[in-house]
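What follows is a set of notes on a single structure, which appears directly below.
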Amino acid sequence: MVNKLPKTQKKYQLKIPSQSDNLALIRELIAKVASQVGFDDEEANKIELAVDEACTNVIKHAYNHNSNQIIDVLVKTDTKKITVIVSDKGLGFNPDKVKTPDLNESIKAGKKGGLGICLMRTLMDKVYFQIKPGQKNQVTMIKYIN
Amino acid sequence: MVNASGTKSTSPIAIIRVGGYMEMTTSDELDKVLDGLIQKQSYQIIVDLANVDYVSSRGWSIFLSKIKEIRENGGDLKLINLTTNVYEVYKVLEFFWFLRVYDSIDDAVSDFENNVPPMPE
């Protein structure tokens with residue numbers, strides 16, 4: 001529920017080495033900003049998880065665990081929504097080819113992975129990708145305040 | 001943080017207690033602990049998520065990837081004490097088709113002891 005609304009748009013940015021140890025810091029930023037905007041704990045946690053998934057994808061797939069690379073997390077808020085843009089300059093992928101995983105098939109194959117983008121799309125109201133491999137890959141996630 | 005222990009010294013049931021936010025690093029720890037139990041042919045496994053704030057996709061994927069082998073060997077993997085946030089994602093991902101959740105360790109142990117099948121038949 002809405003309990004605090006910012007009077008103007010606000011912007012926060014975190015540029016941080018691409019390593020899993022930094023995920024906690026990113027989640028902390030998201031939790032604080034989401035709370036300030038007026039998301040309740042449950043909704044803030046969903047946003048945290050979606051951003052964690054996006055950043056994990058960057059660490060694992062875009063940068064292949066190279067911690068010398070940088071993840072750029074930009075958070076924008078206004079009275080109606082929070083927008084989180086996660087950018088990298090690593091390997092890209094074709095988001096159109098990422099389908100909702102068939103969990104039965106994953107079990108049969110003993111397969112790990114494939115749930116991250118599915119979770120992001122489910123937890124946020126809008127998720128879209130702009131992929132330019134090696135130049136700039138971006139995932140933009142938006143959540144509206146109910 | 002991931003810890004594994006038994007319910008009693010004589011019990012074949014293994015309890016894994018996970019704490020914090022189950023993201024990439026913690027999930028990989030869980031993966032290793034589960035592999036260790038499977039290697040020791042310990043197939044009756046309870047994962048206590050009471051102190052887990054959130055389970056990321058990596059964590060859920062690890063559960064999925066182990067179920068087949070565990071069940072083929074007559075065991076099961078049961079989740080207990082899910083927090084509201086974790087239960088929310090459990091529902092979102094529709095894991096209720098594959099994994100049973102319990103409110104207490106006693107309920108999960110009881111199902112093992114009474115040979116309740118892993119999922120409804």
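So that the names make sense, note that chain A is the first sequence line, chain B the second, and so on, each numbered from 1.
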Is A/L91 isolated, or which residues cluster with it under the ILVMFWY side-chain rule of less than 4.5 Å, directly or via members?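 A/L91 clusters with nothing; isolated.
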
May I have the list of side-chain donor-acceptor pairs in residues 18-27 of chain A shorter than 3.5 Å, sequence neighbours left out?
| unit_1 | atom_1 | unit_2 | atom_2 | d |
| --- | --- | --- | --- | --- |
| A/S20 | OG | B/T25 | OG1 | 3.2 |
| A/N22 | ND2 | A/P17 | O | 2.9 |
| A/R27 | NH1 | A/D52 | OD2 | 2.7 |

Sort and list the pairs that fulfil ring pair (Phe, Tyr, Trp, His ring centres under 6.0 Å) and have at least one residue in residues 47-66 of chain B, not counting sequence neighbours.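 Every ring pair (Phe, Tyr, Trp, His ring centres under 6.0 Å) pair that includes a residue of residues 47-66 of chain B, provided the two are not neighbours, is B/W60-B/F63, B/W60-B/F95.
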
After noting the C-alpha distance and the side-chain angles of A/T56 and B/S56, does the key distance pass the side-chain contact (heavy atoms from CB on, under 4.5 Å) rule? CA-CA 10 Å; A/T56 298; B/S56 71; over 6 Å; no

Contact listing (chain A partner; residues 70-77 of chain B; heavy atom under 4.5 Å):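 Result: none.
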
In terms of hydrophobic clusters joined by side-chain contacts under 4.5 Å, are [X] and [Y] together?
X: B/I62; Y: B/L99; result: yes
X: A/L74; Y: A/I30; result: no
X: A/V33; Y: A/I16; result: yes

Is it true that atom [atom1] of [X] has more than 12 heavy atoms of other residues, nucleotides or ligands lying nearer than 6.0 Å?
X: A/N66; atom1: CG; value: yes
X: A/Y12; atom1: OH; value: yes
X: B/N114; atom1: CG; value: yes
X: B/F96; atom1: CZ; value: yes

Chain A contact via B/V55 - side chain, backbone, both or neither, heavy atoms under 4.5 Å: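 The backbone, not the side chain.
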
By a 4.5 Å heavy-atom criterion (distance strictly below it), what part of B/T84 contacts chain A: side chain, backbone, both, or neither?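 It is the side chain, since no backbone atom gets that close.
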
Can you tell me how far the [atom1] atom of [X] sits from the [atom2] atom of [Y], to the nearest 0.5 Å?
X: B/L93; Y: A/L115; atom1: CG; atom2: CG; result: 5.5 Å
X: B/E88; Y: A/N45; atom1: CD; atom2: CG; result: 10.0 Å
X: B/R58; Y: A/K60; atom1: CZ; atom2: NZ; result: 5.0 Å

Side chain from CB out, backbone as N, CA, C, O: work out which of these in A/E42 comes under 4.5 Å of a heavy atom of chain B, or both, or neither.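 Contact with chain B: backbone and side chain both.
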
In terms of heavy-atom proximity below 4.5 Å to chain B, should A/I117 be classed as side chain, backbone, both, or neither?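 Contact with chain B: none, neither part.
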
